Amino acid sequence: MNKILQIIDLKKNFGAITASNKINFCLETGEIHALIGPNGAGKSTLIKQIMGEMKQDSGEIILSGINISNLTTEDRIHLGFARSFQITDVISDFTIFQNVLLAKIGKEKKFYNFYSSIDSGELTYEEIKTILLKIDLWDEREKPASLLSHGERRQLEIGIALALNPKLILLDEPMAGLSLDKIEKMKVIFNQIKDDVPILLIEHNMDVVFSIANRISVLVNGKIIASGTSSEIKSNLDVKEAYLGTA
Amino acid sequence: MNKSIILKLDNIYSSYSNVQVLNGVNLLVRKGEIVSLLGRNGMGKTTTIKSICGILKPHSGKIEFNSVKINGMESYKIARLGIGLVPEGRRIFANLTVKENLIGSSVKGYWDLDKILTLFPIFEERLSQLSSNLSGGEQQMLAIGRALMTNPSLLILDEATEGLSPVISKKIWNVLREVSNEGISILIIDKISQDLKEFSNYSYILERGKSVWNGKLAELSSDNSKRFLGV
Amino acid sequence: MISEKNISYISLISLLLIAIFAEYFNEPYLITLLSRIIIFSIAAIGLNLVLGFGNLISFGHAAFFGLGGYISGILAIHAFNSELLISWPFLFSGSNNSLIIWSFTILFCSLLALLLGALCLRTSGVYFIMITLAFAQMLYYFAISWPSYGGEDGFSIYVRSTLFGINTMQGLNFFLICFFWLLIILFTINRVVKSPFGLALRATRFNLTRVKSVGINPFKIQLIAFVLSGAITGIAGSLYVDLNRFVSPSLLSWQMSGEFIVFILIGGLGRIYGPLIGAAFFVTFEQFFGSYTEHWQIFLGIIIISTVLFAKGGIIGFILEYRKNE
Amino acid sequence: MTAELLIEQLLNGLQFGFMLFLMSAGLTLIFGVMGLINLAHGSFYMIGAFSAAATFAFFNSFWLSLFASFSCAAVVGVIVEKTIIRKLYNRDHLDQVLVTFALILFFSELIRWIFGAFPLYLDVPKILNGSIEIFGGIYYSKYRLFIIFVGLIIATFLFFLIGKTNLGIQIRAGQYDREMISALGVNISKLYTLLFGIGAALAGLAGALIGTIQSVEVGMGEPILILAFVIIVIGGIGSIKGALIASLLVGLVDTLGRFLIPWVLQTITNPSDAMSIGSAIGSMLIYILMAIILILRPTGLYGKKLS
């Protein structure tokens with residue numbers, strides 16, 4: 001179980017307000033680690049710092065051993081950071097297969113290949129097939145992305161992230177706006193992909209978090225007040241009082 | 001005391017770049033009333049406003065303004081019937097001065113430049129300034145002033161105090177109270193807050209493009225609030 | 001069920017058959033007409049690579065068509081008069097060998113496309129259209145005001161360039177050379193569009209941020225496509241000069257650029273064989289209507305407007321649609 | 001090479017610049033507000049010239065034919081906008097290019113059908129005939145001064161219209177956010193028709209003014225149109241100020257270039273080569289100028305990034 005993403009003593013404040021107060025956090029291989037916290041707890045500020053959209057005041061961010069604290073967002077993506085739902089929308093005129101293939105071609109720098117045909121399947125066919133099977137879109141692979149439902153679009157975006165063979169995937173509110181059966185489907189997908197790509201999950205939906213997250217960290221007023229398995233967190237008193245409000 | 005209905009949405013369905021967004025929205029605003037529209041992000045609040053203002057054509061259901069059927073009408077015609085829009089993201093004309101923003105689409109009536117300046121005194125010496133260097137709060141005030149200058153009978157605000165500091169939000173709420181006292185009905189979208197609870201007489205909540213709850217915000221149960229608003 | 005594939009094969013085979021019949025019935029004028037159709041198709045196929053698949057609306061592709069024409073004309077006229085073209089680095093007085101002419105054409109048109117592409121691709125949308133138009137107009141005025149090669153009136157080259165000793169003055173032989181070029185170019189474009197490069201190019205059409213986020217640099221992809229497109233249109237220019245044995249600034253005119261786009265529209269946007277069908281329609285329309293009234297362009301104008309407003313799929317689109325709901 | 005000759009060329013450049021402004025002002029406004037590329041703008045220039053020539057043939061009055069030029073062009077412009085152009089607003093640029101290209105073919109052939117292929121001529125009115133002493137013994141054509149004068153008036157009229165009037169505010173607001181100005185009650189489609197009419201009128205007027213010194217013939221509009229595009233690229237889309245400055249710049253660079261470069265080259269080579277190479281370079285000067293400005297500022301001097 002080695003550490004994929006480590007955040008050490010991250011500090012960030014806007015004038016008087018401390019948005020991130022010595023945050024320590026780590027994501028290990030093969031796990032879904034959920035980050036929960038009430039509105040205004042500093043979740044989005046933390047995510048922005050992890051993504052490089054916002055500079056932290058102090059502290060370090062390590063991505064599988066490399067210190068990426070001062071890298072730009074593009075460089076972080078190249079190093080293997082995939083973020084789903086911040087990726088701008090998919091290419092609606094392309095089929096599902098072509099969308100994932102494009103990501104593969106980009107990642108493996110194959111775009112100067114003028115000769116081999118993308119229809120014949122010589123090219124990374126197997127890899128794309130496994131990705132599409134994982135995100136359960138293999139049967140509709142020839143469907144244009146423009147006809148996808150809201151949920152299917154989410155699944156495709158995860159497929160595209162996987163095609164970039166990232167070191168981790170950051171999922172920001174993946175269940176927002178999904179119907180119950182769609183949420184179940186997504187849970188299955190998450191469990192399938194967590195083994196080769198760990199997931200940092202930001203989600204409001206408590207029953208989702210408690211049902212699939214291996215580890216949960218609770219962020220309140222910019223500080224991680226508790227971190228542990230879902231059962232530990234459920235019973236933890238100060239978490240209840242600060243956040244779940246059922247003390 | 002059935003005050004005459006100024007705006008009526010009846011079972012509105014609408015789609016946006018072939019994604020079905022509104023699946024049956026019903027809403028009522030009576031004369032002089034303040035109605036708030038709530039719901040989590042992506043639940044169709046802005047699409048509802050765009051359907052009312054004619055920016056989007058709903059594909060079924062009926063929208064009536066002062067009992068005139070307006071869905072499908074050109075947005076400039078709907079605006080001229082008396083709907084003033086303060087849009088999401090404010091969309092002030094950054095290439096124009098503050099004054100030009102105000103007078104560009106103004107219509108003769110109770111509200112004129114002097115009254116707007118009394119509402120928002122900070123604009124007094126900045127009328128000839130380019131509005132691109134206004135702060136977020138000032139842009140919101142300018143957008144409200146611009147809408148008032150068209151002398152609407154219904155003012156619609158999309159994300160009224162979104163992203164504004166508490167001090168500025170307070171100012172916006174006071175202005176809206178004054179505007180309401182002048183007899184203008186208001187339809188407002190905003191995050192749930194103490195101010196919104198005191199300010200709006202009646203509220204509707206949207207969940208995945210459907211109006212799922214309506215009533216006075218004070219009567220909203222905590223688990224309904226958690227379920228629909230996630231707070 | 002008629003598919004786009006069969007339409008393309010049918011059009012190619014019918015071109016060949018008509019040419020053979022024309023030879024048999026000794027109708028040289030008809031063969032020249034068919035060669036003209038092929039040459040215009042090649043020019044428009046080149047443009048279609050960037051326009052149909054890359055959504056780069058170049059209104060200056062006559063620059064490559066004209067440059068190809070002028071290069072071939074200059075090389076041929078110097079060879080004809082055995083007049084020195086360049087004395088440094090080696091004595092060279094033009095050539096009448098098609099292979100040499102074609103290689104020079106491809107080289108210089110690619111260089112021009114690289115230069116224009118690097119400049120124009122920095123902009124997008126409306127600016128791109130205007131700039132490509134302006135640069136082609138620049139070459140047009142340069143050709144007019146350059147007296148040593150006929151200036152405004154152009155010059156003729158009397159005899160076609162030869163290939164392995166084939167008598168190219170004979171209509172059918174020249175037709176077959178053009179036909180051979182058409183097959184090569186159609187095959188190349190077919191492969192390129194269906195290759196990973198083709199997919200990346202098509203992606204730049206929709207969403208630049210999407211393309212960047214998977215690590216592809218859209219500018220480089222568009223530039224390479226632009227160079228390939230310029231070279232192909234340049235070859236068409238070279239063949240055109242050989243066909244008419246005459247070179248003039250009109251090859252570089254904005255009307256020529258506009259016609260290339262019209263071929264693509266009439267044939268069917270974003271279809272590899274669209275330009276072929278469009279050029280065939282245009283040339284026959286010009287021939288047929290032209291004999292009735294010299295104001296045939298009025299009706300052409302009306303046809304283009306109605307095609308854009310009502311039948312966006314062009315002829316191929318129309319046939320496929322018609323077949324589908326039959 | 002006397003000072004008089006240089007001053008005359010300078011004034012010619014200015015006069016040519018103002019004519020280019022008449023062509024590009026309307027075009028850049030239409031671009032800015034509607035983002036519509038209109039290749040048929042050159043046809044309005046031609047229509048204006050031909051209607052002036054026709055009126056002159058019947059009534060032999062220069063001023064009446066001048067009035068006829070911009071009013072006919074405006075009427076044709078409004079008709080074309082209401083019937084065809086209106087369908088293009090939310091179409092992509094390719095459709096706009098194709099339809100307006102087809103309009104050129106349509107108008108050019110129509111005019112050739114009606115007026116025949118021979119060029120027509122307009123006479124300069126008596127009071128504007130001949131030249132006048134401007135200063136220090138230097139004489140300059142009254143008619144060209146008149147053109148500069150008309151250019152100045154139109155420029156001030158447009159600056160006033162766009163800068164100071166409510167209509168101008170709505171136009172500029174429309175450039176920035178079309179959907180929003182419409183949601184505030186401004187009938188944006190009526191605004192377009194008006195703008196299109198003004199643009200066509202200005203082009204028609206320019207056609208008549210230039211047609212009087214040069215000839216009135218089919219296809220006279222397109223070379224000027226392409227120059228107008230160069231001006232818009234240099235000046236920046238949607239900016240009247242950009243259009244004026246770029247027009248004068250192109251007018252001067254083009255006229256002086258064609259005059260000075262052959263003269264300069266004469267000092268190093270024989271006159272005939274100097275003339276041929278000089279005129280070749282002179283003809284390409286403004287395009288090179290455009291390329292340079294493009295490299296430095298891809299959206300032109302005053303243009304803003306089109307949303």
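All values reported here derive from a predicted model rather than from experimental measurement. Reminder, nothing fancy here: chain letters follow the sequence lines and each chain counts from 1.
Applying the side chain to side chain donor-acceptor pair (under 3.5 Å) rule to A:Asp181 yields the partners A:Ser179; only residues at least two apart in sequence or on another chain are considered. Taking the salt bridge (charged side-chain N to carboxylate O under 4.0 Å, His left out) definition, one finds that A:Lys167 meets it with nothing, sequence neighbours left out.
A distance of 5.0 Å separates CD of A:Glu140 from CD of A:Glu152, quoted to the nearest 0.5 Å. Taking CZ of A:Arg215 as the reference point, atom CG of A:Leu201 lies at 13.5 Å (rounded to 0.5 Å).
The stretch residues 269-279 of chain C participates, sequence neighbours left out, in these side-chain hydrogen bond (donor to acceptor under 3.5 Å, both in side chains) pairs: C:Glu4-C:Arg271.
Looking only at atom types and distance, the side chain of A:Gln56 has no donor-acceptor partner in the side chain of A:Ser20 under 3.5 Å away.
The greatest number of non-hydrogen atom pairs below 4.5 Å with chain A, out of C:Leu199, C:Val211, C:Val192, is found for C:Leu199.
Inspection of non-hydrogen atoms places C:Lys220, C:Ile221, C:Ile224 of residues 218-225 of chain C under 4.5 Å from chain A.
In this structure, the portions of A:Tyr115 lying under 4.5 Å from any heavy atom of chain C include both its backbone and its side chain.
Residues C:Phe197 and C:Phe53 place their aromatic rings such that the two centres sit no closer than 6.0 Å.
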